[in-house]
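The chains referred to below are lettered A, B, ... by the order of the sequence lines, with proteins before strands, and numbering in each begins at 1.
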Amino acid sequence: MNITKLLNSLSAARMEYESIDYSVLNRFVVPFKIDQLDLRNQNISIALVGSRGSGKSTYIQYFSHATRFDKSLPSVEISELECIVLYWKPDIAYCQGLNESWLGVEHAERFFMNHASIEIIGEFMRMISNVQYHFPEQLIKVTYEDSNILRALKNISNNEIESLEQVERWIDDQRFDLSTRLNPINIDGMLSLDPKTTLNYLINNFERDCPVFKNTRFKIFIDEFELLNESQQIQINSYRKDSKAKISWNVAYKLHAKTTRETRSNQPLQEPDDFITEVLDDLIKDNFALYAAEIFLLSVKSAGIDCSSVNVNAQDLGDRNKILDRENLKYREKVLGAIKKLLPTPKVKELSSDAYLSSSWLRKKVKDIVDNEGRERSLIDRIMLDTSMAVTIVGTYLQKSFNLDMFLNGGASSDDKINTYEFNSLLTFRNQNSQLTLPVYSGFDRFIAMTTPNVRHFKVLCFNSLKQLDEKSKSTDISFFEEIQPITPEKMDYAAVTTSKLLVDEIISYPPYGNKLYMLVNRIGELFKTSQKSSYQTEPERDIFAIKYDYANSEPEMEDILSAGEAWKVLISDDSKRLKSDSQYTSKEYVLNPIFSPKFGISYRKKRGIVFDLEEFKILINGSSDDFDKIRNKYRKSWKCDSTISNENADGQMKDQGTLL
Amino acid sequence: MINISEWESCECNDLIKRVGKVEYDVAFSGAHLIDDRTSWVGNYLKKVSTTTEIVKFDYHESALGIGDNSVPIRNLDSQIIPPNSRILIDATTLAFPELLYLFNNLNSNGFDFDVLYVQPQEYGNDEKVELGDIQPMRLSLDGLGPKTLAPYVQFSSRASMLVFLGFEGHRLGSISNSDIFGMPEYSCLLGIPGFKAGWENKAVYNNMSYLSELNIRNILISGANDPIYTYEVIENQYNAAKYSRKNLFLAPLGTKPAGVAAANFAVNNPSNLGIVYDFIQSKVGRSSGTDIAHKWKFKFSKE
C-alpha cells in the first residue's frame, strides 16, 4: 500500500455509507461521554439535536435494534430487551411534497400518516426479525400461524397479509400504491392508518405473543424532524406530548433548526414537562482531539494501513465497555503521538524563529523601531536573541502604550504581552507580506482547534494534508501508519487554506439562504482580514461580531438568516461578553466557523471584534458592493489601517513611520 | 401528449424583421425584465401577440397565477383560454415550474402551441469583484431551496436523480446539501455543445467540486439548446430507472431548452417521475445581449 492508493481509497469512502438495515455495528466510534446520553435511559421524550455532521443518525442507530441485535453479533444480553429503540427516517422529498395547499389538509395528512405507518410497520418487523435471531425461544409464538402479531397485521392490511414472510412484500406494494396516487390524486380504496395507533396495536399484540416484552419500553426516533412540513411536525408533536414510559415518540434535528412546538391540541409541547433536549455536540466536544484522531486512524486502517504503535480497531472503538481503556493515558499518548508525528504542530515561538520567519526581515523591522525610538543599535542584537519578543515588539510598536523598556526589562508584563500578541503579530506579518511563509494554521493541535466538533472537517484537513506529500513519498510502499513521512508545516498550512476556501465556497449551496450567508461570511471575513492586516494592532485578533439588536423579531428575515447560519454551522454564537459596547443589545456574539479562518488569514481564537449597527449588518447581507466598500473604509479608518505612512506616537502626536512595515 | 413537430432558429434581429401581422392570440410570459433578451422578448411579444399574460407559480399556494387569475395546481386541467387560441409561450422569461404547469394545462385541453427561447450573448456576474478570490458563479439570488413540484411527488428512497447542470454549480450542491433526497444515485446532464464554444467548459468547471464530492460517474450530454435530443436522454434514463424498479427524479437546473424538454417529458410521463426545482430568483443583469432565437412548435396528440 502507498499513499496514493490510500488517498484514492479515502476519497471513495468520503461518500457517506448508509446501510439499508441501519446497523452501525463496527462503523461507529463511541464518544467518550456516551454514558451521559444513553437514549434508552430517559423515560421522557427526547429531542436529540446536533450540528451538521455531528452524527445524529448514526448515534440513534447505535442504540437502535438494528445495531443492538445485529445478526452478526455472537450473542446479546437479555438486558437489551429492557428498552428497544426503533428508528424512522422519513422520506423527506415525499413528505415535503405533500403540500396542503395542493392536496388539501385532509388528504395531505392522510398520505403522510399512511407513509409513516407503513414505514413504522416495516421497522417494527425488522426489529422482530433481529430480536428473534438472538432470542428465538422467547419469540417462538410469533412464528405460529395463530399468533397475535399476525392477526394484527392481517387486520391492518385488510387480510392481504397471510404470513410474516409476506409483510415485506405487502409493505413494498403499499409504497408502490401510495406512489401512484398523487399524479393524479386518487384516494379511492386507499389505506387509512394512524402511525401511533398502529404501533400501539402491534406492540400490544407482540407482547401477547411474547410476555418477556411485558416490561420492555419502546422508543421510536424520528430523524430529520426539522425537514418535515409544519403540519407533519405538529402531528408528531401530538404523539410526543402523549408519550408514555412504555412507548415514547422522540425526534432528532439539526442544532438551531427551526421547528414548531405546536400540537393538535391547544397545548404546545413544553420543556422539560413533555420532552428534554439533548445536544450531541456537547458530548463530542469532550476529548475531541482523541476522538477525531481515532476516527482518522480507523479510516486509514480501513483503507489498508494499520498503526504499529497502537491497536485501533472498529470493534473496540464501537464498544462502550472499552471507553476506560481508551481513556487510559498510555493509549491516549500512543494515538495522539502517532497522529502528531504525522501532523506536527510548530509552537508559536517556533513560528517566530528563523525556521519560518526570515530573520533578516525581522531584524530590519527591529532596527527601524530602535532607530525611531532613538536608542542604541546595540539593542538590536539583544532583542533578536528572543525572536518572540522581537515579533511582539514589531507587532505592537504602533500601540499608544508601547514601551520598549517594558520588553527589555522582561518579567510578567513582557511575558503577558508576548502571550497575547505574538500570534496576532505573526498573522499580521503573514497578511502584509505574501513572501513570508508563516504556517500559522499548521499542525494537529490547530486542526483540532479549527474543527471541533466537526469530524468531517478534521478528516478533510488530514486528507488534504496527505495530498501535499511529494510524488516520491506518495508512491513509496509502506506497511504502517507510522512510516508515513511527517507533513511539513508549510504543506499543512497550504492544505488548511485550500480546505478553508473550498468550505467557504460551499456555503452558497446551503439552502435557502446560501447566497446571503456566502456574502455575509465573505464580507465579515474581509473586514477581519482588513483588521488583521493593519500594522496598528491595538487589541488582540478581531474575529468576533455582535449586532446592536434585541432579537425581538423586528427583523424576521435577518434572524432567519442568522439562525440558518447557525444551523449550517457557518456562524457560531455564544452569550459571552467579550465585546465592549455602550449598548445593552449585544446579547449574542458570533464568530465565523474557525475552519474559515485560513481563507481570510484571520485568527481561529476568539479574542476581540466588532459591534455592528443594525443597518450596517443588513448591508453585509444584502447591500451592494459600493455600500460594503463604505463600511470597509469606515473600519479601515477607525482601525487606522493606513497608519504605515504616518503613525501616532505615545503622546498621540503624528510621527513619521514611513519605512516601518 | 405533446411533442415538438418543428424547430426554427434564427438571429433575433432576423426574427423581428420578419414580423408582419399578429401571429398569436395570447402569449405567456414571465413578469421580470432583467436583461437585454427579456426586454427584447417583451418587445417581440407586443408585436406578434394580441395579448400577453404574465404567468407566475406560487409554491406556497400551489397555484399558477395567469394574469389576474389563479389556477390551483389540483385543477390544472381547467380551461384557461378560449378554444382554438393561437398560443406562444416565452421560455426565456418563464421559470421551469411555469413552463411545466402551462404545458400540462395546454396538454389537458388539447392545444397546440409554440415556445420561444432567446439565447444571450453573454452570461456574467454584474457585480464588481469585491472579495479578491475567484468566486462561484452567481447569476441568481436565493430561492426557496430544492422542492418537489406537485404533482410530481415521489418517494426518493428508491430513486435516481438526473440533474441538469448549468453555470451555477452550487445549485447541484444545494440539492445534495438539502438532505431532502435520500438517494445516493445521481446522474448529470451537461449541455454539450453549449450555446457558444467553450461555455460547456464553464459548466463543467463550476460543477466539478460537486461532481467529485457526490462521486457522480454517469454524466450525459445533449446540446444545450436541443430539447429534442434531451428528451431522448431523459427517456433513456427513465426507462433504465423503471427496469430497476426505481423512480426517476428530474432536477432541471440547466439551460432552458433542457428545461423545455423536461417539462415536455413530464407531461407525457406522469407516473414514476419526480421533479425537483430550487426556485432561484434570476438576478438583474444575469445576461447581456441577444443571440439566436429558437421557436419550437408543439403538437398535441391523443395517446
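Atom NZ of A/K533 has 12 or fewer neighbouring heavy atoms from other residues, nucleotides or ligands inside a 6.0 Å radius. For A/Y494, the OH atom is loosely surrounded, since the number of other residues' heavy atoms within 6.0 Å does not exceed 12. Under a cut-off of 6.0 angstrom, the local environment of CD in B/Q79 is crowded, with over 12 non-hydrogen atoms contributed by other residues, nucleotides or ligands. Within 6.0 Å of CD on A/E168 lie no more than 12 heavy atoms contributed by other residues, nucleotides or ligands. By the 6.0 Å contact criterion, CG on B/N75 is enclosed, its count of non-hydrogen atoms from other residues, nucleotides or ligands being greater than 12.
The two residues A/P511 and B/S174 have their closest heavy-atom pair at CG-O, 3.8 Å. Residues A/Y94 and B/V153 approach most closely at O-CG1, 3.7 Å, considering heavy atoms. A pairwise comparison of heavy atoms in A/F176 and B/N272 identifies CE1-ND2, 4.4 Å as the closest pair. The heavy-atom pair separating B/Y59 from A/S101 by the smallest distance is O-OG, 4.2 Å. Taking every heavy atom of both residues into account, B/R74 and A/W102 meet most closely at CD-O, 3.2 Å.
For the set B/P270, B/P146, B/G145, the count of heavy-atom pairs under 4.5 angstrom toward chain A peaks at B/P270. With chain B as the partner, the residue from A/G104, A/C95, A/S179, A/P184 showing the most heavy-atom pairs under 4.5 Å is A/S179. By number of non-hydrogen pairs under 4.5 angstrom with chain A, the leading residue of B/L149, B/I180, B/L172 is B/I180. Each of A/G525, A/P90, A/P512 has some count of heavy-atom pairs under 4.5 Å with chain B, and the biggest count is that of A/P512. Most heavy-atom pairs under 4.5 Å with chain B: of the set A/L103, A/I185, A/L502, this distinction falls to A/L103. Contacts with chain B were tallied for A/D91, A/T180, A/I92; A/D91 has the most, counting heavy-atom pairs under 4.5 Å.
Of the two parts of B/R171, neither the backbone nor the side chain holds a non-hydrogen atom closer than 4.5 Å to a non-hydrogen atom of chain A. When heavy atoms are compared at a cutoff of 4.5 Å, B/P72 does not approach chain A at all. Of the atoms belonging to B/F279, not a single heavy atom falls under 4.5 Å from chain A. Proximity to chain B involves both the backbone and the side chain of A/L182, based on heavy atoms less than 4.5 angstrom apart.
From A/M519, atom CE reaches atom CG of B/L141 across 9.0 Å, with rounding to the nearest 0.5 Å. Distance NZ/A/K89 to OG/B/S157: 10.5 Å, rounded to 0.5 Å. Here CD1 of A/I507 is found 13.0 Å from NE2 of B/H170. Values are rounded to the nearest 0.5 Å. Rounding to the nearest 0.5 Å gives a distance of 7.5 Å between CD1 of A/I561 and CG of B/D142. Going from atom OG of B/S156 over to atom CD of A/Q96 covers 10.0 Å, rounded to the nearest 0.5 Å. Taking CG of B/D179 as the reference point, atom CZ of A/R52 lies at 6.5 Å (rounded to 0.5 Å).
With contacts defined as side-chain heavy-atom distances shorter than 4.5 Å, the pair B/N177/A/E506 qualifies. Counting heavy atoms from C-beta outward, B/R245 and A/D172 have side chains that approach closer than 4.5 Å.
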